[in-house]
Asker: 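Take a look at the following structure, please.
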Amino acid sequence: MKNDLYIQNSLTRQKELFKPINEGFIGMYVCGPTVYSDVHIGNCRTFVSFDVIYRYLKYIGYQVRYVRNITDVGHLTDEGEDKMSKGAKLAKLEPMEVAQKYTVGFHDMMRIFNTLPPDIEPRATGHIIEQIEMVQQIIDNGLGYERNGSVYFDTIKFAKEQDVYGKLSGRKIDDLFTETRDLKNQSEKNHPSDFAIWMKASEDHILRWNSPWSVGFPGWHLECSAMSTKYLGKQFDIHGGGNDLKFPHHENEVAQNHGACGCHPANYWIHTNMLEMNGRKMAKSDGNTITPAQLFSGDSPHISKAYSPMIVKFFMLQAHYGSTLDITDKGLQDAEKGYHRLMEANALLQKMEASDSDITSELDTEINATIDKAFQQMSDDFNTPMALARLFELVPKINGISAGHLSMDDVNTDTLEKLKSTFHSFIYDIFGLLDDVVGGANGNGVTDGLMELIIDLRQNARVNKDWGTSDKIRDTLQELQIQLKDGKEGTTWSKN
RNA sequence: GGUCGCGUGGCCGAGUGGUUAGGCAGAGCUCUGCAAAAGCUUGUACGGCGGUUCGAAUCCGUCCGCGACCUCCA
C-alpha cells in the first residue's frame with residue numbers, strides 16, 4: 001500500500017520522488033490566513049487541499065509536524081497601512097480584537113470543513129523577538145541595511161552573490177530592475193526590488209514594538225521565515241501556500257532564510273491553484289464572489305440552492321489542487337449527486353458480510369487492482385480526482401453485489417475487508433469527508449427509530465396494496481428532504 | 001509590457017506518444033404497484049495551422065482565445 005510518493009515541486013517545476021530529510025518524519029509549513037476579515041472560500045480551498053495532503057502523509061505512515069501560521073501583523077496594503085490596524089480603525093476595535101474575531105471565525109470554518117488542526121499554529125505577533133533576531137542576522141550577514149529606522153533586504157547584493165533570487169517564482173533578476181510601481185518608502189530603498197524586513201512605525205500606527213532600529217513592526221514576509229525556522233529548523237521538507245504567494249512572499253521568504261541561515265528552507269514547495277467563479281477570478285470589487293456562509297445557505301445570486309460544507313469539499317476534491325477550479329451552480333449540483341452516490345455506496349459496503357470465500361475470480365482481481373491503483377494515483381502528487389475516479393469505478397461493484405447482480409461468492413473475504421477499509425480510509429481519513437447523507441450514519445437513535453417505524457408502516461400499507469397511504473408517506477418524506485429507497489432487501493433512506 | 005500556465009465530448013474535470021479516466025446530464029433496457037434508487041448497454045473529445053514520428057489530443061513551432069502573477073491576495 002505504501003507506494004512511493006511523488007510531489008510536483010514548484011521549486012524545480014518537476015514531479016519528484018519524495019524523500020524526507022529524516023526517515024519517517026516530515027516537517028511541513030503552510031502559509032495561513034491574514035486575519036483581518038472573514039475567511040474567503042478561496043482560502044478554504046487552499047487549506048482543504050493542504051489538509052488532504054497532511055492527512056495522506058500521516059495515512060501512509062509519516063509522523064508529520066504541520067505548522068500553519070496566523071498573520072496578525074505586518075501584512076501591508078497598497079497604502080502602506082497595516083491590515084490589522086486598518087480594520088481596527090474602521091470597526092473601532094483593538095487590533096488584537098480584530099485578529100481574535102477573525103481567527104475564531106477561521107477556526108470555525110476549518111472545523112466546518114472538517115479539516116484537522118495543524119500541530120502548531122503560531123502567530124506573527126507572538127514571535128516578534130524571533131523576527132528581530134532574524135533581521136539582525138540578515139544585517140550581520142551583510143544582506144540587510146537600515147534607512148531611517150526601517151531595515152531592507154538587499155536583493156541586488158543577494159542576487160549577485162548567489163543565483164537564488166527569482167528561482168522559485170521563475171523571475172529573472174533583470175526584470176526586477178525594471179519594476180516601476182510607485183510605493184511608499186520606495187525612495188528609502190537602494191533598489192525597488194528590495195523589501196522591508198523591519199518597518200519604522202508612523203505616528204498613528206497602533207501595532208508597534210521596540211527594536212534596535214526603531215519602534216516599529218516586522219515586514220510581512222519575515223514571520224514565515226522566523227516561525228518555520230523556529231519550529232521546523234533551518235531546513236525542512238515541505239513548504240506550501242497558494243500560488244499567488246509565490247511572488248513576492250515566498251521568493252522573499254527564501255531570500256530571508258538564505259540571508260539569515262545561509263540555506264534554502266524547504267526541499268519541496270507545493271502551491272495550490274486559485275478558485276474561480278463562473279470562469280473568472282473571484283473579486284469583491286465586481287461582485288464576482290461568494291462566501292462560505294452563502295454557499296451553505298444558498299443566499300447568493302450565483303447559486304440556486306444551498307450546498308452543505310461536505311458537498312463543497314467534495315466539489316473541491318474533484319479537481320487537482322494544482323489546477324484552477326471554477327465554482328458554478330451546475331458544478332456544485334453535479335458534485336452533490338456524486339457525493340451522495342459515493343456515500344450511499346459506502347454505507348452499503350460497510351454493512352456487507354463476506355461469504356467465507358477464498359476463490360480468485362475476475363471480479364476479485366478487478367477490485368484489488370482498482371484499489372491498488374487508487375492509492376498509487378493518490379501517491380502521484382495527491383491526485384484526489386483520480387483516486388475518486390477509482391472509488392467510483394468500485395461503486396457499481398458494490399451496488400451490483402447489493403442488488404444481487406454480482407455475487408459475494410466471487411469476492412474473497414480478504415478482498416472485501418480491503419475494499420471496506422479502502423473506502424473508509426479514503427472517505428474519512430484521507431479526504432476528511434463527513435457523512436451527512438446516509439440515514440443512520442450519524443448515530444441519531446431517535447431519528448433512526450422513527451424512520452424505522454415509518455418505513456415499517458409504509459411497508460404494511462404496501463403489502464395491503466394501500467397505495468394512497470404508502471405514496472403519501474413517500475411524498476411527505478420527500479418534501480422533508482428524505483429519500484426512501486426500495487430495494488430487494490427492504491427500504492433504506494437518505495437525506496437529500 | 002514581462003513571466004508562467006491553460007484551451008479535452010452537452011457541463012465539470014483527469015490523464016497519456018499507439019490501449020476505458022471519473023462525475024453530472026442524454027438515449028435504450030432490467031427491476032418496481034407507480035416512481036425513485038440501483039443495475040446493464042450506449043453516443044459525442046482533445047482550440048486553428050504547420051512540423052517531428054510507423055503513429056500525436058499527448059513532443060516541437062506558430063497563430064487565436066483564456067487565466068494567473070509582476071510588492072493587497074490562498
Side-chain angles (χ1 to χ4, degrees), chain A residues 13 30-34 36 39-50 75-79 83 166 169-172 174-176 178-181 183 186 192-196 219-221 240-249 251-252 271-276 279-283 314-315 318-320 322-328 330-342 344-345 348 373 377 380 383-393 395-396 398-400 402-406 462 465 467 470-471 474-475 478 483-488 491-494:
Chain A
R13 279 158 244 280
V30 173
C31 292
T34 303
Y36 66 101
V39 65
H40 175 89
I41 186 69
N43 289 251
C44 295
R45 184 199 183 191
T46 294
F47 299 127
V48 163
S49 294
F50 282 108
H75 202 160
L76 299 178
T77 64
D78 261 354
E79 299 77 43
K83 274 189 176 173
S169 57
R171 228 149 285 252
K172 293 192 184 86
D174 293 347
D175 298 334
L176 297 169
T178 60
E179 179 59 55
T180 56
R181 198 157 156 176
L183 287 161
Q186 203 75 289
S193 69
D194 291 354
F195 56 92
W220 168 39
H221 314 299
N243 84 170
D244 50 350
L245 294 183
K246 244 191 217 174
F247 190 88
H249 183 58
E251 194 67 63
N252 289 172
H271 285 100
T272 57
N273 218 135
M274 300 293 104
L275 202 53
E276 297 170 359
R280 289 184 299 134
K281 185 189 180 179
M282 285 203 192
F314 181 86
F315 173 73
Q318 281 188 307
H320 186 84
S323 305
T324 54
L325 175 61
D326 191 18
I327 286 198
T328 60
K330 176 84 164 50
L332 288 164
Q333 280 179 25
D334 295 351
E336 176 170 32
K337 287 174 187 163
Y339 167 66
H340 281 205
R341 185 170 151 86
L342 182 67
E344 281 162 21
L348 281 175
K373 217 170 167 183
Q377 293 176 326
D380 184 9
N383 201 326
T384 55
M386 285 295 266
L388 269 175
R390 300 291 79 74
L391 296 188
F392 273 108
E393 277 174 0
V395 165
I398 294 165
N399 288 332
S402 174
H405 178 81
L406 298 172
R462 293 178 75 201
K465 298 201 191 302
W467 309 128
S470 72
D471 288 356
R474 184 175 70 195
D475 296 344
Q478 183 74 55
Q483 174 81 60
L484 290 184
K485 290 163 190 183
D486 298 326
K488 284 221 157 52
T491 301
T492 57
W493 62 281
S494 67

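Note that the structure is a prediction, hence the values are computed from the model and not measured. Letters A, B, ... are given to chains in the order of the sequence lines, protein chains preceding strands, and every chain is numbered from 1.
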Asker: Would you indicate, yes or no, if A25(B) has its OP1 or OP2 atom less than 4.0 angstrom from a side-chain nitrogen or oxygen of Lys337(A)?
Answerer: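 The answer is yes; a side-chain N or O of Lys337(A) sits under 4.0 Å from OP1 or OP2.
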
Asker: Can you tell me how far P in G22(B) sits from the matching atom in U62(B), rounded to whole Å?
Answerer: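 To the nearest whole Å, 36 Å.
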
Asker: Just how far, in rounded Å, is C1' of U20(B) from CD of Gln377(A)?
Answerer: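 From Gln377(A) CD to U20(B) C1': 13 Å.
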
Asker: Please report the closest heavy-atom contact between Phe315(A) and Thr328(A), naming both atoms and the distance.
Answerer: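 That would be CZ-N, 4.4 Å.
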
Asker: Using the C1' atom as the reference point in each nucleotide, state the distance between G15(B) and A56(B) in Å, no decimals.
Answerer: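 The same atom, C1', in both gives a distance of 14 Å.
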
Asker: Using atom P in both nucleotides, what's the gap between U8(B) and A45(B) to the nearest angstrom?
Answerer: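 That atom pair is separated by 14 Å.
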
Asker: Shorter than 3.5 Å, N or O on both sides, protein versus nucleotides 65-67 of chain B: list them out with atom names.
Answerer:
| residue | atom | partner | partner atom | Å |
| --- | --- | --- | --- | --- |
| G67(B) | O2' | Glu276(A) | OE2 | 3.3 |

Asker: Suppose we screen for salt bridge (charged side-chain N to carboxylate O under 4.0 Å, His left out). Which residues come up paired with Lys330(A), at least two apart in sequence or across chains?
Answerer: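 Salt bridge (charged side-chain N to carboxylate O under 4.0 Å, His left out) check on Lys330(A) returns Asp334(A).
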
Asker: With sequence neighbours excluded, tell me which residues meet salt bridge (charged side-chain N to carboxylate O under 4.0 Å, His left out) with Glu393(A).
Answerer: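 Scan of Glu393(A) (salt bridge (charged side-chain N to carboxylate O under 4.0 Å, His left out), adjacent residues dropped) gives Arg390(A).
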
Asker: Quick one: label Gly241(A) by what it contacts on the DNA or RNA (base, sugar-phosphate, nothing), any heavy atom closer than 4.0 Å.
Answerer: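 The answer is sugar-phosphate, as Gly241(A) gets under 4.0 Å only of primed atoms, P, OP1 or OP2.
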
Asker: I'd like to check the side chain to side chain donor-acceptor pair (under 3.5 Å) partners of Asp380(A); sequence neighbours left out, ordered by chain and number.
Answerer: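 For Asp380(A), the residues satisfying side chain to side chain donor-acceptor pair (under 3.5 Å) (neighbours in sequence not counted) are Lys15(A).
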
Asker: Take Ser323(A) and Asn273(A), find for each the nucleotide of RNA chain B with the closest heavy atom, and name the residue whose nucleotide sits nearer the 5' end.
Answerer: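 This one resolves to Ser323(A).
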
Asker: Using only side-chain N and O atoms of Arg390(A), determine if any of them is under 4.0 Å from OP1 or OP2 of U20(B).
Answerer: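 No, because none of the side-chain N or O atoms of Arg390(A) sits under 4.0 Å from OP1 or OP2 of U20(B).
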
Asker: Using a cut-off of 4.0 Å on non-hydrogen atoms, how would the nucleic acid contact of Leu406(A) be classed: base, sugar-phosphate, or nothing?
Answerer: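 Contact class for Leu406(A): none.
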
Asker: List the residues meeting side chain to side chain contact (heavy atoms under 4.5 Å, CB included) with Asn399(A), not counting sequence neighbours, and say none if there are none.
Answerer: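 Asn399(A) satisfies side chain to side chain contact (heavy atoms under 4.5 Å, CB included) with Arg341(A), Ala345(A), Leu348(A), Val395(A) only.
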
Asker: List in chain and number order the residues that pass ring pair (Phe, Tyr, Trp, His ring centres under 6.0 Å) with Phe47(A), two or more places apart in sequence or in another chain; answer none if no residue qualifies.
Answerer: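 Expected list: Phe106(A).
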
Asker: In what stems does RNA chain B take part, counting only runs of at least 3 consecutive Watson-Crick or G-U pairs whose two distances fall under 3.5 Å?
Answerer: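 Looking at RNA chain B, the stems formed by three or more consecutive pairs are B:1-7 with B:64-70, B:10-12 with B:22-24, B:26-30 with B:38-42, B:47-51 with B:59-63.
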
Asker: Between G50(B) and G39(B), how far is it from one P atom to the other, in whole Å?
Answerer: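 It works out to 45 Å between them.
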
Asker: On a heavy-atom basis, which atom in Pro385(A) and which in Gln318(A) lie closest, and how many Å separate them?
Answerer: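 Of all heavy-atom pairs spanning Pro385(A) and Gln318(A), the closest is CB-O, 3.2 Å.
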
Asker: With rounding to the closest Å, how many angstrom separate the P atoms on A57(B) and G9(B)?
Answerer: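 So the two P atoms sit 15 Å from each other.
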
Asker: Just to verify, what does Ile41(A) make a side chain to side chain contact (heavy atoms under 4.5 Å, CB included) with, not counting sequence neighbours?
Answerer: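 So Ile41(A) forms a side chain to side chain contact (heavy atoms under 4.5 Å, CB included) with Cys44(A), Phe113(A), Leu275(A), Met282(A), Ile290(A), Pro292(A), Leu295(A), Val312(A), Met316(A), Ile327(A).
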
Asker: Under the side chain to side chain contact (heavy atoms under 4.5 Å, CB included) rule, collect the residues that match up with Thr272(A), sequence neighbours excluded.
Answerer: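 With sequence neighbours excluded, Thr272(A) shows a side chain to side chain contact (heavy atoms under 4.5 Å, CB included) to Thr46(A), Ser49(A), Phe50(A), Tyr321(A), given in chain and number order.
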
Asker: If we take the C1' atom in both U44(B) and C49(B), what is their distance in whole Å?
Answerer: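 Rounded to whole Å, the distance is 24 Å.
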
Asker: Which part of the nucleic acid, if any, lies within contact of His320(A), taking any heavy atom under 4.0 Å across all strands shown: a base, the sugar-phosphate backbone alone, or nothing?
Answerer: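 Sugar-phosphate contact only.
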
Asker: Please name all residues satisfying salt bridge (charged side-chain N to carboxylate O under 4.0 Å, His left out) with Asp475(A), sequence neighbours left out, ordered by chain then number.
Answerer: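 Asp475(A): no salt bridge (charged side-chain N to carboxylate O under 4.0 Å, His left out) contacts found.
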
Asker: Please report the distance separating the C1' of U30(B) from the corresponding atom of G10(B), rounded so that it comes out in whole Å.
Answerer: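 Between the two C1' atoms, the distance is 27 Å.
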
Asker: Output all residues satisfying side chain to side chain contact (heavy atoms under 4.5 Å, CB included) with Ala319(A), sequence neighbours left out; order by chain, then residue number.
Answerer: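 By the side chain to side chain contact (heavy atoms under 4.5 Å, CB included) rule, Ala319(A) matches Arg45(A), Leu325(A).
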
Asker: Output yes when at least one side-chain N/O atom of Asn399(A) is less than 4.0 Å from OP1 or OP2 of A38(B), else no.
Answerer: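 It does not, given that no N or O in the side chain of Asn399(A) lies less than 4.0 Å from OP1 or OP2 of A38(B).
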
Asker: With 3.5 Å as the limit, what N/O pairs link the protein to nucleotides 30-34 of chain B?
Answerer:
| residue | atom | partner | partner atom | Å |
| --- | --- | --- | --- | --- |
| G33(B) | O6 | Ser470(A) | OG | 3.4 |
| G33(B) | N1 | Asp471(A) | OD1 | 3.0 |
| G33(B) | N2 | Asp471(A) | OD2 | 2.9 |
| C34(B) | O2 | Arg474(A) | NH2 | 3.1 |
| C34(B) | N3 | Arg474(A) | NH1 | 2.8 |
| C34(B) | N3 | Arg474(A) | NH2 | 3.4 |
| C34(B) | N4 | Arg474(A) | NH1 | 3.3 |

Asker: Determine the interatomic distance between P on G7(B) and the same-named atom on A25(B); round to the nearest Å.
Answerer: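 G7(B) and A25(B) have their P atoms separated by 25 Å.
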
